[in-house]
Amino acid sequence: MTDLFSKFDPVIEQRETLLESGVTDPFNLVMEAVESPTVAICNGKRTILLGTYNYMGMTFDPDVIAAGKKALDEFGSGTTGSRVLNGTYSGHRAVEQALKDFYAMDHAMVFSTGYQANLGIISTIAGKDDYIVLDIDSHASIYDGCALGNAQIVPFRHNDVDALEKRLKRIPEGAGKLVILEGVYSMLGDIAPLREMVAVSKANGAMVLVDEAHSMGFIGEHGRGVAEAQGIIDDVDFIIGTFSKSVGTVGGFCVSNHPKFEILRLVCRPYVFTASLPPSVVATAATSIRKLANSADKRAHLWENSKRLHAGLRQLGFTLGTDEPQSAIIAVIMPDLETGAAMWEALLNEGLYVNLARPPATPANMTLLRCSLCALHTEDQVGEILGMFAAAGRATGCID
Ligand SMILES: Cc1ncc(COP(=O)(O)O)c(C=O)c1O
């Protein structure tokens, strides 16, 4: 009998080698208590959170929590059903209305996660004779959406407008084309040149989908994302987003102005064949989204935090994913996995949590310490964070 698990041997070996070095398992941390969007207790110790994607700090917002509790009392703990059967409550309609208002778009469809939103929308709209042209650094959920569908997949070099244009021009005349981009790429925290890419896509007859998971709430005048910031949101056919980052709960969505969009509710399998979000979740999401629309001050403070951390880390001598801060993600590039894990552990011992990212999730086989800032990090906390990076960096030999 062939052991079906033998394919995992290289990962098992890599993990064992890492743990044999005595380092704490970076992928098995427990948050024993969570005090606020920026502080938790880990291993009995107060820990500043710098790797949660809780960009706007909505998880402890009193209005958000009150809305969730009220919905739990009034509608129960779950819907036990699909959106197309017994799983659409007034709260699901309300959160879709909140999204339509937030993005100023005609249609909004809520999924149980952002992962499922990509899975569902991509696999459903791009069919057998269609082509999907996507940035090679796209998120796993985008690739999985492609894998679930039947379209031809054509990747192009990360953020390369000419490469996108070349791929588009090679596609047979008359074929359906979907270009998939992200506003912010979450590994390095860099943004896409959406203005140029959308123009090239439109000139070549393609529809455009932009995943704005890491920009919603923060980037753009109204927090609609990079497409808004670059002034081309009206040219984007589909925006995908998640409730698991700035919105501060769980869920995913697609918004669009396409006149036939609503038919997707009947033909999109990851929407139809799964249970809908619990009433408390959609209530917290709707409240959060409505507050995010009016959060210009928080957006400004988050930019300040991002700029300060980026400048401070550079000054300490770390190599970063971008020359300038482009989003609320700042990636610190580590020389290898062992050093990355040692630095991750040293930071945790200092009282700081960041995300350790390694191949295959990362581009170019990089090991990264990904920092995601929150609008609720105070100036003092950013100072503390820089002090911890200095101490951990020196202890592990990452900086002089
Ligand atoms: C770009 C991007 N799209 C989609 C998702 C999936 O979001 P969710 O956590 O809601 O499944 C993520 C989450 O990491 C993401 O980074």
Side-chain angles (χ1 to χ4, degrees), residues 27 49 51-56 58-59 83 92 95-96 99 108-123 132 134-148 155 158-159 178-192 194 197 208-219 224-227 236 238-255 268 270-271 274-278 281-282 284-286 288-289 292 321 326-331 354-358 360-363 368 370-374:
F27 305 111
L49 300 173
T52 63
Y53 306 121
N54 193 354
Y55 299 121
M56 298 296 279
M58 299 307 284
T59 49
R83 284 295 306 274
H92 297 84
V95 74
E96 287 176 342
L99 283 166
M109 193 169 157
V110 165
F111 291 75
S112 298
T113 63
Y115 178 88
Q116 278 164 278
N118 270 330
L119 219 56
I121 296 292
I122 295 168
S123 65
I132 293 175
L134 84 170
D135 189 293
I136 198 153
D137 285 353
S138 293
H139 188 259
S141 58
I142 292 174
Y143 276 107
D144 291 357
C146 293
L148 188 66
H158 179 54
N159 271 353
L178 175 67
V179 170
I180 303 183
L181 307 166
E182 291 179 37
V184 172
Y185 285 86
S186 69
M187 284 298 147
L188 295 178
D190 55 331
I191 60 167
L194 286 186
M197 290 188 149
V208 179
L209 179 154
V210 180
D211 182 329
E212 296 269 19
H214 293 274
S215 42
M216 182 192 186
F218 171 40
I219 296 181
R224 292 173 189 153
V226 178
V236 173
F238 309 97
I239 290 179
I240 295 280
T242 174
F243 296 162
S244 73
K245 306 191 192 303
S246 285
V247 178
T249 177
V250 66
F253 63 87
C254 180
V255 291
C268 179
Y271 177 84
T274 195
S276 63
L277 287 167
V281 168
V282 285
T284 55
S288 178
I289 291 162
L292 287 177
Q326 297 184 15
S327 68
I329 300 172
I330 294 170
V354 299
N355 294 138
L356 178 66
R358 54 156 188 195
T362 51
L368 302 170
R370 281 149 76 226
C371 308
S372 50
L373 285 145
C374 174

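Each ligand, and each atom within it, is numbered from 1 in the order the structure gives. What you are looking at is a predicted structure, and each value in this text was computed from that prediction instead of being measured.
Applying the salt bridge (charged side-chain N to carboxylate O under 4.0 Å, His left out) criterion to R370, with sequence neighbours excluded, gives no partner residue.
Remark: K245 is positioned above the aromatic ring of Y53, its terminal NZ or CZ atom under 6.0 angstrom from the ring centre and at most 45 degrees off the axis.
We find the CG-CD1 distance between D190 and I329 to be 9.0 Å, quoted to the nearest 0.5 Å. Interatomic distance, CG of L188 versus NE2 of H158, reported as 6.5 Å (0.5 Å rounding). In this structure, CD1 on I122 lies 11.0 Å from CZ on F238, to the nearest 0.5 angstrom.
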Check ligand 1 against the protein and report each N/O to N/O distance under 3.5 Å, formatted as atom name, atom name, distance.
residue: ligand 1; atom: 3 (N); partner: D211; partner atom: OD2; Å: 2.6
residue: ligand 1; atom: 9 (O); partner: S244; partner atom: OG; Å: 2.9
residue: ligand 1; atom: 10 (O); partner: G114; partner atom: N; Å: 2.7
residue: ligand 1; atom: 10 (O); partner: T242; partner atom: OG1; Å: 2.6
residue: ligand 1; atom: 10 (O); partner: S244; partner atom: OG; Å: 3.4
residue: ligand 1; atom: 11 (O); partner: G114; partner atom: N; Å: 3.3
residue: ligand 1; atom: 11 (O); partner: Y115; partner atom: N; Å: 2.9
residue: ligand 1; atom: 14 (O); partner: H139; partner atom: NE2; Å: 3.3
residue: ligand 1; atom: 14 (O); partner: K245; partner atom: NZ; Å: 3.1
residue: ligand 1; atom: 16 (O); partner: H214; partner atom: NE2; Å: 2.7

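Scanning both residues, C268 and M109, for their nearest heavy atoms gives CB-CE, 4.1 Å.
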